[in-house]
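Input: a single structure, listed below in structure tokens.
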Number of protein chains: 2
Amino acid sequence: MPEAPNSKDKVGVICRALRRAIIEQALEPGAKLPEDSLGERFGVSRTIARYALGQLASEGLVELRRNRIAVVVTPSWQDARDIFDIRMDLERLIVRKIAGKLSSSQIARLKAHVEAEREAHDGPNAVSIRLATEFHIMLASMTNSPVLVRYVSEIAYRCCLTLSLFSRPHSSECGISEHIAIIEALQEGDANKAMSLMHSHLDSVANRALVEPTPARGRDLLDVLAPYTEEAT
Amino acid sequence: MPEAPNSKDKVGVICRALRRAIIEQALEPGAKLPEDSLGERFGVSRTIARYALGQLASEGLVELRRNRIAVVVTPSWQDARDIFDIRMDLERLIVRKIAGKLSSSQIARLKAHVEAEREAHDGPNAVSIRLATEFHIMLASMTNSPVLVRYVSEIAYRCCLTLSLFSRPHSSECGISEHIAIIEALQEGDANKAMSLMHSHLDSVANRALVEPTPARGRDLLDVLAPYTEEAT
DNA sequence: CGTGCCCGAAGTGCATGCAATCGAGGAGAG
DNA sequence: CTCTCCTCGATTGCATGCACTTCGGGCACG
């Protein structure tokens with residue numbers, strides 16, 4: 001648990017705030033994150049802000065460029081495919097691990113969460129997205145595997161990022177009923193059913209989003225040209 | 001790619017050095033990592049050393065304790081099980097992804113690496129361990145999935161850590177022939193065979209190591225007592 | 001009107017300083 | 001002789017300062 005809700009942990013506070021801002025799309029890909037402003041905003045010095053940015057960068061949410069202002073990452077279409085792909089496998093794994101093994105209180109918590117999703121459905125889009133993401137993280141945490149929680153959280157956050165890039169504005173209709181179906185399969189202990197439900201759930205989310213490189217749907221020249229630059233070796 | 005071999009990147013240099021020291025078991029679990037000493041050793045200020053420790057902590061290799069000297073993590077037996085478990089799935093995934101899709105030059109690189117492993121077999125144990133680990137990372141990198149590479153690297157490093165904790169001193173005989181068999185299955189394009197080979201390979205490594213909580217094989221009182229403390233919820 | 005250069009402002013890279021905290025070891029009481 | 005408390009050195013937590021790099025706008029020139 002690298003980040004307990006310890007009020008003394010300034011770095012953690014900043015990271016959580018930024019992650020949340022990103023997940024709710026208040027911070028879009030490419031948004032600038034100057035150390036000064038961050039420090040000022042959170043009442044700490046640049047040192048701390050810088051450190052927080054480092055952590056976020058290690059999670060793949062922020063891009064650190066030498067001598068340049070840090071920015072929220074702008075995943076390439078290739079990145080997006082990659083991340084969704086791994087996510088698929090990890091979440092199937094999670095579902096397999098917990099199918100039929102949840103306590104009734106855990107089931108209750110899941111259902112309560114989905115209920116919250118439903119309530120938020122008509123509210124601001126950002127909240128819906130966050131809740132939907134948190135549902136998956138909640139599932140992960142029920143495996144009691146810290147590693148899985150970390151990886152799925154990371155990937156889920158990054159998916160939000162790509163959604164805000166590639167999907168059309170609506171798209172928030174993120175399958176609440178699918179979440180419910182998954183919970184039921186989990187409760188029944190039908191691992192295969194749960195896995196296939198999870199699979200199609202994620203698949204539909206991905207397809208809603210990653211419709212294709214969608215020729216010129218990048219933000220600007222820089223992104224449009226990205227596929228044509230060569231630097232990989 | 002959060003760490004190009006950029007000579008300007010002091011933090012990266014320190015991280016790599018430390019990772020390598022850990023993987024070669026020059027730094028055992030519990031080893032202290034004071035910021036001053038690190039800084040002095042690498043010719044940088046505490047600021048940088050601290051930053052590097054932060055990165056390592058986010059990878060789960062180092063434990064940061066507030067107001068205390070950072071130490072190399074000492075995985076609990078439970079952690080070890082967890083990590084090996086996930087590793088199993090991730091590496092099976094990798095093997096599935098690349099089976100039959102490797103270019104001949106990639107195969108050649110793999111074979112060359114195993115050859116290096118063989119040559120190092122009679123040398124220092126530490127080198128053997130490192131090479132064996134790097135083989136798995138090499139495999140991961142052939143998926144062209146940065147995320148997978150990151151996760152597998154992280155997990156592989158952590159496995160080394162648990163090995164140095166729980167396995168008896170010898171145990172370096174880390175199945176070079178198994179690596180070869182895997183390469184062959186990969187080359188043939190037989191995904192299932194490759195997956196099952198990988199499975200049994202990792203299983204034998206794990207079993208060689210995680211023989212059981214192995215009553216009193218901890219480093220000192222603190223570790224010996226660990227299984228008897230209760231803090232899990 | 002477009003192009004290239006230059007300089008000031010903004011921002012990062014890193015070291016250092018000072019206060020706060022931890023813990024090891026010694027002094028003192030029982 | 002042992003246990004407890006207290007003090008001092010070791011070490012971290014964090015802010016600040018300074019050098020260097022990058023960015024962006026204005027100005028001269030074509």
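A note on names: the letters A, B, ... follow the listed sequences, proteins ahead of strands, and every chain is numbered from 1. The figures here come from the full heavy-atom set of this structure, side chains too, leaving out hydrogens, waters and symmetry mates.
- Between the C1' atom of dG13(C) and the CG atom of Asp9(B) lies a distance of 12 Å, rounded to the nearest Å.
- Using a 4.5 Å cut-off on side-chain heavy atoms (C-beta onward), Pro75(B) and Arg158(B) make no contact.
- The shortest distance between side-chain heavy atoms of Ile129(A) and Leu163(A) does not fall below 4.5 Å.
- Side chains of Ser145(B) and Asp85(A) form no contact here, defined as non-hydrogen atoms less than 4.5 Å apart.
- When side chains are defined from C-beta on, Ile14(A) counts as touching Ile48(A), because their heavy atoms get closer than 4.5 Å.
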Can you check nucleotides 6-11 of chain D for protein contacts, nitrogen or oxygen pairs under 3.5 Å, and list what you find?
none

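- Between Met138(B) and the options His136(B), Glu134(B), Met142(B), a side chain to side chain contact (heavy atoms under 4.5 Å, CB included) holds for only Met142(B).
- Rounding to whole angstrom units, NZ of residue Lys32(A) and P of dT22(D) are separated by 15 Å.
- Heavy atoms of other residues, nucleotides or ligands lying less than 6.0 angstrom from CD of Glu115(A) number more than 12.
- Counting only distance, with no hydrogens or angles, the side chain of Asp82(B) and the backbone of Asp79(B) share no donor-acceptor pair below 3.5 Å.
- Contact of the Leu139(B) side chain with the Phe135(B) side chain is registered, since non-hydrogen atoms from C-beta on lie closer than 4.5 Å.
- Summarising the geometry, the separation between CZ on Arg65(A) and P on dC20(D) is reported as 23 Å, rounded to the nearest angstrom.
- Rounded to a whole Å, the CD atom of Glu63(A) is 14 Å from the P atom of dT12(C).
- To the nearest angstrom, C1' of dC14(D) lies 10 Å from CZ of Arg66(B).
- Contacts between residues 42-51 of chain A and DNA chain C, defined by a heavy-atom separation below 4.0 Å, involve Arg46(A), Arg50(A), listed by number.
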